[in-house]
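Protein chains get the first letters and strands the later ones, always in sequence-line order, with residue 1 at the start of each.
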Amino acid sequence: MPERTEAIDVENWTTQLRRGVLELSILNLLAQGELYAYDVVKQLAAIRVLVVTEGTVYPLMSRLKRLGLVKTRLVESTSGPARKYYTLSPEGERVRAIMNGYWDDLSASVASLRTKKDGAP
Amino acid sequence: MSQSSWTPEACEYLEGYLAQVRALVRQGGEDAEETAAELREHIEREAGAAGGSIVTLAELRAVIGTVGTPEKVASAEPLIGRTTAAGEGGRRAQSAPAAPAAQGTEPAGAPAPRRSGCWYAAAALGAFATVVALAVCALIAFRWSTLMKATINAQQKEIVSTLRAIHKCEQRELEKRENDVDGDGVPDYVSLQALVDTGFLSEAYDQAAHGNYVFTLKSTPSASNGGQPGFVCEAVPVLDELPNRYAIDESGAVKVFSAGD
């Protein structure tokens, strides 16, 4: 049989994983306290493995606001236009807890498969 | 704009970029104005920090390179959404992943009457689902014209918005006083290709149909128009289902014509 020369590409898999955790990452970030939208973007972009394209965060945050998971308030600024700050709503806290719970279960289950011996229950 | 000064080219490029973002985000059903406003703040802040006292087109493009193209920005697909499942039952189902059904636990030789009951239940469910599907199809058929009108109206709004953005950019080009086609000292409006070259419009507008419309722009030099420059930009539909064509001229007024006129 001729040797296979194609490399296995996992990029699509990692891309889908990152898409799946981005909204949870936003909620977890906002759980730490009220943040200006720009700061949310920059903190997410600083997490190298998330590979965030900065502009993509804004429509997601708009959607979270529309779903009622985050609240916003405008703070007047002396150095420019009023700034919009985001914070979690009570519904956002509840959804975040659900998502984190599922994430913990999923990651623990997947991790356990790495140490599972062949044939062990 | 931020405390930095922006070159006219940078201003126009940003407006064109945000116009494309609005159009694409709106198509995705999200809040286009809010997204564009927050992107504007982000870009102005980044460009101001990078460009110092003057922000040039090159510096703006570098910032937009990290922010993402309009297509990339609009491609952000939210995964959290509303469910129509009833109240807490639906949320509980989402909060606790369902334990997998035990496999192979049904004892061998289950009594026949229980299987028959399941069969009848499945048949009844199938019949009910068929009736519901037929009712939905009837509703869609009845409301098809309304659905089509809503789709067409959304497209028409986008076309009018694009024409107004083109008018705004033409006014800015006129103020630059760089284009005098007939050499009479009075600046003239520019071509569609020139708007593409400034980066305000994507190349698609100067080629074949963009979306379901073909855009054409005719500029009238001032010397042949009583000393006043003029232009007319038209959006002509390529599909028979679209009833109207649109035009805007130097006055900024959008005119609607039946596509057959």
Side-chain angles (χ1 to χ4, degrees), chain A residues 15-27 36-42 44-45 51-70 72 74 77-86 91-92 94-106 109, chain B residues 1-4 14 17-18 20-22 24-49 62-83 88 90-100:
Chain A
T15 298
Q16 298 304 320
L17 264 185
R18 290 195 300 266
R19 282 179 61 199
V21 300
L22 186 53
E23 287 158 295
L24 175 58
S25 300
I26 293 172
L27 295 177
Y36 178 37
Y38 179 84
D39 292 331
V40 173
V41 172
K42 285 302 181 184
L44 290 174
V51 193
V52 171
T53 300
E54 295 181 354
T56 61
V57 176
Y58 292 103
L60 291 179
M61 294 184 68
S62 176
R63 174 66 170 253
L64 293 176
K65 178 184 166 190
R66 193 154 62 89
L67 289 172
L69 303 184
V70 302
T72 60
L74 284 177
S77 170
T78 55
S79 58
R83 287 188 170 186
K84 185 184 291 183
Y85 283 83
Y86 286 80
E91 177 74 356
R94 192 189 66 80
V95 169
R96 185 181 82 95
I98 292 171
M99 293 173 76
N100 276 325
Y102 187 75
W103 171 260
D104 291 341
D105 288 344
L106 178 66
S109 298
Chain B
M1 292 288 178
S2 63
Q3 294 175 346
S4 302
L14 177 61
Y17 170 84
L18 292 176
Q20 291 185 55
V21 166
R22 277 192 209 93
L24 291 170
V25 169
R26 194 172 293 125
Q27 281 181 10
E30 299 302 329
D31 190 327
E33 293 305 322
E34 184 173 53
T35 298
E38 294 194 316
L39 268 175
R40 179 190 294 274
E41 279 188 56
H42 181 110
I43 292 169
E44 287 178 356
R45 182 167 171 164
E46 294 276 282
V63 169
I64 288 180
T66 61
V67 170
T69 63
E71 290 80 9
K72 183 70 175 177
V73 170
S75 72
E77 184 183 340
L79 299 177
I80 304 175
R82 285 259 174 238
T83 177
E88 284 297 323
R91 293 197 199 106
R92 272 203 295 272
Q94 290 175 6
S95 66

Notebook entry, point to check: NZ of K42(A): more than 12 outside heavy atoms within 6.0 angstrom?
Noted result: yes
Notebook entry, point to check: Using the ring of each side chain (for Trp, its six-membered ring), is H42(B) parallel, tilted or perpendicular to Y38(A), with breaks at 30° and 60°?
Noted result: tilted
With a 4.5 angstrom heavy-atom cut-off, is it the side chain or the backbone of [X] that approaches chain B, or both, or neither?
{"X": "V41(A)", "answer": "side chain"}
{"X": "M99(A)", "answer": "side chain"}
{"X": "L64(A)", "answer": "side chain"}
{"X": "L69(A)", "answer": "side chain"}
{"X": "I26(A)", "answer": "neither"}

Note to self: Quick check against the 3.5 Å criterion: does E23(A) have a side-chain atom that pairs as donor or acceptor with the backbone of I80(B)?
What the structure shows: yes
Notebook entry, point to check: In Å and rounded to the nearest 0.5 Å, what is the CD to CD1 distance from E54(A) to I64(B)?
Noted result: 12.0 Å
Note to self: Which residues pass the side-chain contact (heavy atoms from CB on, under 4.5 Å) test with E30(B), not counting sequence neighbours?
What the structure shows: R63(A), R66(A), V25(B), P78(B)
Margin query: With a 4.5 angstrom heavy-atom cut-off, is it the side chain or the backbone of E38(B) that approaches chain A, or both, or neither?
Written below: both
Check: Does K84(A) come within less than 4.0 Å of E41(B), counting only side-chain N to carboxylate O?
Finding: no
Check: Which one, T66(B), I43(B), L79(B), V21(B), leads in non-hydrogen pairs under 4.5 Å with chain A?
Finding: L79(B)
Notebook entry, point to check: Y85(A): what forms a ring pair (Phe, Tyr, Trp, His ring centres under 6.0 Å) with it, not counting sequence neighbours?
Noted result: Y36(A)
Note to self: Could you report the tightest heavy-atom contact between V73(B) and G55(A), atom names first, then the distance?
What the structure shows: CG1-O, 3.5 Å
